[in-house]
Structures are given as structure tokens and as C-alpha cells.
Protein chains: 2
Amino acid sequence: MSSSQMLKGILDGCLLAIISKGETYGYEMIEKLELYGFRMVSEGSIYPVLLRLQKEGFVKSVMKESPSGPKRKYYTLTPSGENEFHEFKERWESLSESVNRLVKEEI
Amino acid sequence: MSSSQMLKGILDGCLLAIISKGETYGYEMIEKLELYGFRMVSEGSIYPVLLRLQKEGFVKSVMKESPSGPKRKYYTLTPSGENEFHEFKERWESLSESVNRLVKEEI
DNA sequence: AACACTATCTTGTTTTACAAAGTAGTTGAC
DNA sequence: GTCAACTACTTTGTAAAACAAGATAGTGTT
């Protein structure tokens, strides 16, 4: 994956990161992203990404009853998703170092 | 600008960063991006961004003769572009901290 | 019943990514 | 002198993505 593809893949990677910390569902992921400092990540943004991640085989999901409210779709990483998350971390490392070198006046 | 808008604006910010270091032109920016570790940033990616940045009033350009080869379109930041670059740096700081907290297992 | 909160999905518009091809000047090799 | 290689910018076309907004639906409170 090239740098520019990387730019688009950050939300994907962040969702993989959240799911890697333990089974969770879409609505909760939005709340967690806010805790981590991401602002304005709305439902219209993340649900389509979750569907794509599942289509690509990186996550799988099961519906479970909620103690209150409608059923929740819980997501977990597949082995392929764990691998993808690992690769995301490396790409992120490389990208953020490049951007930091650039904006922090080095070179 | 929200986090998700931020995700799309990284290439824009990086181009502002490069131009802020001194007058330069598209073809040279691609070479510089490579030096900073960005891979596969092609002409089809950056020229449209440069046109948009100019349309938004963040950069201005002048054509100059090249000592060899076709004329070059040299870009510089406008005051509005300097301000935008400053805001980009703040947004980048905030985003990269969020992503790092997330992938580096904190919280 | 009306409202608020939880939870997911779909739709429709706008924007973006970017490969590919087009145009054009310069340089060096043969 | 022409062929290839490099420099340099633009345009075009397709595919994908972003995301606000709305649809749907269950639960809890007033």
C-alpha cells in the first residue's frame, strides 16, 4: 500500500485497533474514538467502513441482544485482520515519521 | 475542520509544508516528497491538489523559464496559506497523538 | 403519547484518488 | 537528424470514499 492509499486508510486502521482491544460494536466505537480525541466521526462514516472491513475478511460479526435497546453487532478481528492491523501500524509509523520530518522543519 | 476531514487533508498540508520552505514547482515537490519518505506520490495526485490550493487562495504561482526543459510553475504561500499551514500543523499534532494513543496500546 | 437514547443501515451528493494519456521543451547518443 | 530519455504541466475518466441526512427500530422516562 502506497503512502497515498495510507491517507485514506487511517480510519480503517483505527477501527481495527479498537476492535483488537476487544469485541465491540459500532455505536460503542464512535464513543471510544471520541475518548481518543477523534472528533466528528459519525455513524455515516464508520458503518460503511465496518461493512467494507467485513467484506474484505478483516473482521467478523455476531448479533447479540443488548441489555437495553436494539441488538448490537459485535465485531472481532479475523487472523487476516490481525495481520492487516499489524501492517497498518507499520505504515502509520512510516507515514507519521515522514510528516513529522516535513512539518518539524528537519532536512 | 474535523478529524475525518483531516484524514483527507494530509497531502494538502504536506504540500503547504514543502512550499513554506521556499518557492518550488510541482515536479520538484514530487522528488522532495520521496526524499521525506512518501512513496508513490504521482503527478496525477499532486497537480490537482495544487490547482485546488490555488483556487482556495492558499498558494499563488508564476511561470518561469527553466534552464533546461519546459517552463516551471513556481508556487509560494499566500498569507492565507501560511495561516492554513499553521492550522494544519495543529490538526496534525492532534490527530497523530490520537492515533498513537490508540495503536500504542495506551488507555 | 411524546421524547430521548441506543443501535444499525441506506441513500444521495460531493469530493477524491490517481492511473493514463496528452502536450511540449531539452539533452545526449548514435 | 532522429530517437530515446528526461523534465514538466494538464486533462480526462473511472472508481472509490466521505458523510450528512434520513429510515428503521427497540428501550426507558416523563
Side-chain angles (χ1 to χ4, degrees), chain A residues 1-16 18-19 23-35 38-56 58-75 88 91 95, chain B residues 1-15 18-19 23-35 38-56 58-75 91 95:
Chain A
M1 189 187 260
S2 69
S3 299
S4 52
Q5 287 299 325
M6 178 68 213
L7 300 184
K8 293 194 293 186
I10 294 179
L11 184 56
D12 302 41
C14 289
L15 291 178
L16 292 177
I18 286 185
I19 299 169
E23 198 181 42
T24 181
Y25 54 98
Y27 195 83
E28 193 179 43
M29 290 184 217
I30 294 169
E31 296 173 334
K32 289 187 177 180
L33 283 172
E34 255 163 65
L35 280 180
F38 294 88
R39 277 157 300 174
M40 306 288 284
V41 178
S42 65
E43 307 174 3
S45 300
I46 83 139
Y47 286 113
V49 174
L50 289 173
L51 291 176
R52 197 180 65 242
L53 290 176
Q54 182 155 27
K55 200 171 149 197
E56 291 168 331
F58 297 142
V59 300
K60 57 183 190 293
S61 63
V62 281
M63 295 298 288
K64 292 189 190 176
E65 295 292 341
S66 162
S68 67
K71 285 186 174 183
R72 298 167 176 171
K73 189 186 267 189
Y74 281 90
Y75 289 90
F88 166 76
R91 293 194 306 264
L95 173 76
Chain B
M1 189 187 259
S2 68
S3 299
S4 51
Q5 287 298 324
M6 177 71 213
L7 300 184
K8 293 195 294 186
I10 294 179
L11 185 56
D12 301 42
C14 289
L15 291 178
I18 286 185
I19 298 168
E23 198 180 42
T24 183
Y25 53 98
Y27 195 82
E28 191 179 41
M29 292 185 216
I30 294 169
E31 295 173 334
K32 289 186 176 179
L33 284 173
E34 254 163 67
L35 280 179
F38 294 88
R39 277 157 299 174
M40 306 288 285
V41 179
S42 65
E43 306 178 0
S45 300
I46 84 139
Y47 286 115
V49 174
L50 289 172
L51 291 176
R52 197 178 67 240
L53 291 175
Q54 182 155 30
K55 200 172 149 196
E56 291 168 332
F58 297 143
V59 300
K60 57 181 189 300
S61 63
V62 282
M63 293 298 288
K64 293 188 188 177
E65 295 291 341
S66 162
S68 68
K71 285 187 174 185
R72 298 168 176 169
K73 190 186 264 188
Y74 280 88
Y75 290 90
R91 293 194 306 266
L95 173 77

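Side-chain atoms are counted along with the backbone in the values below, which use heavy atoms only and exclude waters and symmetry mates. Quantities reported herein were computed from a predicted structural model and do not represent experimental measurements. So you know, we letter chains A, B, ... as the sequences are listed, proteins then strands, and number each from 1.
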**Request:** Could you state the atom-to-atom distance from OH of A:Tyr47 to C1' of D:dT24 in whole Å?
**Result:** 13 Å
**Message:** On DNA chain D, does the nearest nucleotide to A:Ser68 precede the nearest nucleotide to B:Glu31 from the 5' side, or the other way round? Give the residue.
**Reply:** B:Glu31
**Request:** Mind calculating the distance between CG (A:Leu51) and P (C:dT11) to the nearest angstrom?
**Result:** 12 Å
**Item:** Euclidean distance, atom NZ of residue B:Lys55 to atom P of C:dT16 [Å, nearest integer]
**Value:** 9 Å
**Prompt:** B:Glu28 near the nucleic acid: base, sugar-phosphate alone, or nothing, with a heavy-atom cut-off under 4.0 Å?
**Reply:** nothing
**Asked** What nucleotide among C:dC18, C:dA7, C:dT8 has an atom nearest to a side-chain atom of B:Pro48?
**Response** C:dC18
**Message:** Let me confirm one number: the CD-CG distance from B:Glu28 to B:Leu35, rounded to the nearest 0.5 Å.
**Reply:** 10.0 Å
**Asked** Applying the salt bridge (charged side-chain N to carboxylate O under 4.0 Å, His left out) test to B:Glu65, which of B:Lys73, B:Lys71, B:Arg72 qualifies?
**Response** B:Lys71
**A:Ser45 side-chain N/O to D:dA18 phosphate OP1/OP2 under 4.0 Å** = no
**Request:** Provide, to the nearest angstrom, the distance between the NZ atom belonging to A:Lys64 and the C1' atom belonging to C:dA7.
**Result:** 16 Å
**Step-by-step side chain to side chain contact (heavy atoms under 4.5 Å, CB included) determination, A:Ile10 to B:Ile10** = CA-CA 11 Å; A:Ile10 294 179; B:Ile10 294 179; 3.9 Å; yes
**Prompt:** Which of these nucleotides, D:dT7, C:dT6, C:dC9, is closest to any side-chain atom of A:Tyr75?
**Reply:** C:dC9
**Message:** Please give me the minimum heavy-atom distance between A:Leu33 and A:Cys14, naming the atom from each residue.
**Reply:** CD2-CB, 4.3 Å
**Item:** Check: B:Tyr47 side chain, B:Tyr27 main-chain N or O, donor-acceptor pair, under 3.5 Å
**Value:** yes
**Complete:** Testing C:dT8, D:dA8, D:dG26 for proximity to the side chain of B:Pro70, the answer is D:dA8
**Message:** Once hydrogens and angles are ignored, does a donor-acceptor distance under 3.5 Å link the base of D:dC19 to the side chain of A:Glu43?
**Reply:** no
**Item:** side-chain N/O A:Ser66 vs C:dA7 OP1/OP2, d < 4.0 Å
**Value:** yes
**Message:** Would you say A:Ser42 places a side-chain N or O within less than 4.0 Å of OP1 or OP2 belonging to D:dA20?
**Reply:** yes
**Request:** Report the distance from atom CG of A:Leu50 to atom P of C:dA7, rounded to the nearest whole Å.
**Result:** 14 Å
**Comparing A:Val49 and B:Met63 on DNA chain D - which has the more 5′ nearest nucleotide** = B:Met63
**Rounded interatomic separation in angstrom, taking CD from A:Glu65 and P from C:dT8** = 13 Å
**Nucleotide C:dT16, atom P - distance to CG of B:Asp12 in whole Å** = 8 Å
**Item:** Nearest-neighbour nucleotide for the A:Arg52 side chain, D:dC19, D:dA17, C:dA7 considered
**Value:** D:dA17
**Asked** D:dT24 C1' sits how many Å from A:Lys73 NZ, rounded?
**Response** 14 Å
**Asked** For DNA chain C, whose closest nucleotide is more 5', that of B:Pro67 or that of B:Gly44?
**Response** B:Gly44
